[in-house]
Amino acid sequence: MRCLRIKTITAAALAAMLASSTAFAQGAAAPRDRAQAAWKQAASKQAASKQAAAKQSTPAPADPAPLTAFVDDYAHQHDFSGSVLIVEHGKPLLARQYGLANRAFAIRNDASTKYKIASITKAFTAVLILQLHEQGRLDLDAPMRRYLPDYRGSGGDWVTLRQLLNHTSGLVNFDQVTDAAQAIRSGLPNYQLPHTARQLADDYCSGDLVHEPGAKFDYNNCDYIALGLIIERAYGQPYEQVLQQRIIDPLGLKDTGVLHQRDIVAGLADTYFRRDDGKALTPDLPAYPENWYAAGAMYSTPRDLATFADGWFGGRLVGDKALAAMIAPGLDDYGFGVWSYPVRIDGRRYHAVKRPGRIMGAQAQLYRIVEAGLTVVVLANTDATDLDEFVARIGKHALGKQAAGEHAGDQHASDKPAIDRAPPHD
């Protein structure tokens, strides 16, 4: 991880130097004073050098007026419905809302609107697993059956937690419906019928392995259903309760939680998608949102997700070693629950971490440019806009730079419309 860490040691060095001067006898006061002056001068030069280096390595903040103009223009031209938040080093640069949260009653999206965040849930789940690893309670290279002894699948003795985290497990794919037309015609039985997480694992995630563990990237919700069950087994509590205690409450996330079909969530935007047989937006297919479980069942707001990102990268949730492991790119540039890859902006190389999500009309993007401390959150309640392109262009404009190149068009995880799958480049 090429995370910029500028640490000023001037005060500590100066204190140590001044403390050592007390060992000199009173008769050596003049030499001591000259030494202290020299130390102070050296320390001042060192501090000035560090400040100059910081100015050279840290991009200047964007002027908010052209940034707002760009976001407004893109949103209007691409029929965007949702919210955009840009935060740099914890300070908001821009917060905008567009379109309708409910089309039947013409209720607009506003600063308090909540959204389904789909597979951004996976980043929360990965953090919970890494917390257990830091506690010494999980070995990432142990087979999953050590922590799920009643797992029925053939891979229980071979698939490791690391392979579940990075989608190289070889478990049978949870999602067999690959487009909206098929979903409309045949339904989504794993989501449209009530299931417990245990039932999902037994009925859809316990077949024979489809490839050797570790050999191939295969984006698969079964991996994170298994991880959710491991979290429950480790804590002896439901996933939702662990999430509340370990992330939501410590960070003060007031508008974040897990969706259930039985609940009405105040301020939650309705979601709409475009059928293949027509151009108009239509309400999402009925489903039990909790069936996405630890892979995609959460809702949140841009503000809460920016707070989550700052806590995650700022050491409040996991330590530096765990963070580095989480965002180290593996196959398909995927780490643990996130894509992680280089981007080039104005001739400079940055490290981008991205967690997209999509379930029918719900779209979500959590995008972090690590060295700049820049977080971009884009949450939408329709599938009308290509959020992969939108979030990448926002990141470039927010740094106040012009792109000198892109990484594979920045098209990571352009998920399927009905089922929240993320092929490498769809």
Side-chain angles (χ1 to χ4, degrees), residues 80-85 95 97-125 128 188 191-197 200 221 224-225 228 237-273 281-309 355-366 377-383 387 415 418-420:
F80 174 70
S81 178
S83 297
V84 177
L85 176 64
Q97 302 84 39
Y98 310 87
L100 299 175
N102 180 282
R103 292 183 170 247
F105 293 94
I107 298 172
R108 301 196 62 80
N109 289 313
D110 61 27
S112 65
T113 301
K114 303 178 183 71
Y115 298 87
K116 301 170 186 176
I117 63 170
S119 279
I120 292 179
T121 304
K122 290 182 176 70
F124 286 81
T125 300
L128 292 175
L188 300 165
Y191 300 117
Q192 292 178 319
L193 297 174
H195 298 288
T196 65
L200 290 171
N221 281 341
Y224 278 73
I225 287 171
Q237 297 174 332
Y239 171 84
E240 185 173 358
Q241 189 172 342
V242 177
L243 181 69
Q244 189 77 34
Q245 294 174 353
R246 301 291 306 179
I247 298 179
I248 293 176
D249 286 345
L251 294 182
L253 308 183
K254 303 299 184 183
D255 298 308
T256 299
V258 174
L259 292 163
H260 294 273
Q261 189 277 333
R262 66 176 183 262
D263 295 335
I264 296 174
V265 177
L268 180 69
D270 291 326
T271 43
Y272 307 87
F273 76 108
L281 289 167
T282 187
D284 278 1
L285 301 176
Y288 285 84
E290 61 265 42
N291 286 13
W292 275 275
Y293 184 51
M298 291 178 64
Y299 68 89
S300 191
T301 61
R303 181 176 56 187
D304 273 9
L305 288 181
T307 300
F308 167 67
R355 178 62 261 181
R358 181 168 177 175
I359 299 173
M360 292 178 276
Q363 290 198 85
Q365 293 275 353
L366 176 56
V377 183
V378 182
L379 303 181
N381 65 319
T382 81
D383 65 349
L387 295 197
D415 298 348
I419 58 174
D420 202 24

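Side-chain atoms of Asn109 and Ser83 form no donor-acceptor pair, as typed in the model, at a separation below 3.5 Å. Between the side chains of Thr125 and Tyr239, at least one donor-acceptor pair of N or O atoms lies under 3.5 Å.
Scanning for ring pair (Phe, Tyr, Trp, His ring centres under 6.0 Å) contacts around Tyr98 gives His76, Phe80, with sequence neighbours left out. Remark: Phe308 engages Phe124, Trp312 in a ring pair (Phe, Tyr, Trp, His ring centres under 6.0 Å) (not counting sequence neighbours). Annotation: ring pair (Phe, Tyr, Trp, His ring centres under 6.0 Å) contacts of Tyr272 (sequence neighbours excluded): none. Judged as a side-chain contact (heavy atoms from CB on, under 4.5 Å), and not counting sequence neighbours, the contacts of Thr196 are Arg198, Gln199.
Minimum heavy-atom separation, Thr382 to Gln363: O-NE2, 3.1 Å.
Counting only distance, with no hydrogens or angles, the side chain of Tyr293 and the backbone of Gly228 share a donor-acceptor pair below 3.5 Å.
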Using residues 250-258 as the side-chain source, report each donor-acceptor pair under 3.5 Å to any protein atom, sequence neighbours left out, with the distance given to one decimal.
residue : atom : partner : partner atom : Å
Thr256  : OG1  : Ser300  : OG           : 2.7
Thr256  : OG1  : Asp304  : OD2          : 2.7

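Pairs engaging residues 257-270 under the salt bridge (Lys or Arg N to Asp or Glu O under 4.0 Å) rule: none recorded [sequence neighbours left out].
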side-chain contact (heavy atoms from CB on, under 4.5 Å) evaluation trace for Tyr115 with Leu305: CA-CA 11 Å; Tyr115 298 87; Leu305 288 181; over 6 Å; no
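Lys114 places none of its side-chain heavy atoms less than 4.5 Å from the side chain of Leu379. By the 4.5 Å heavy-atom criterion applied to side chains, Thr271 and Lys116 are counted as neighbours.
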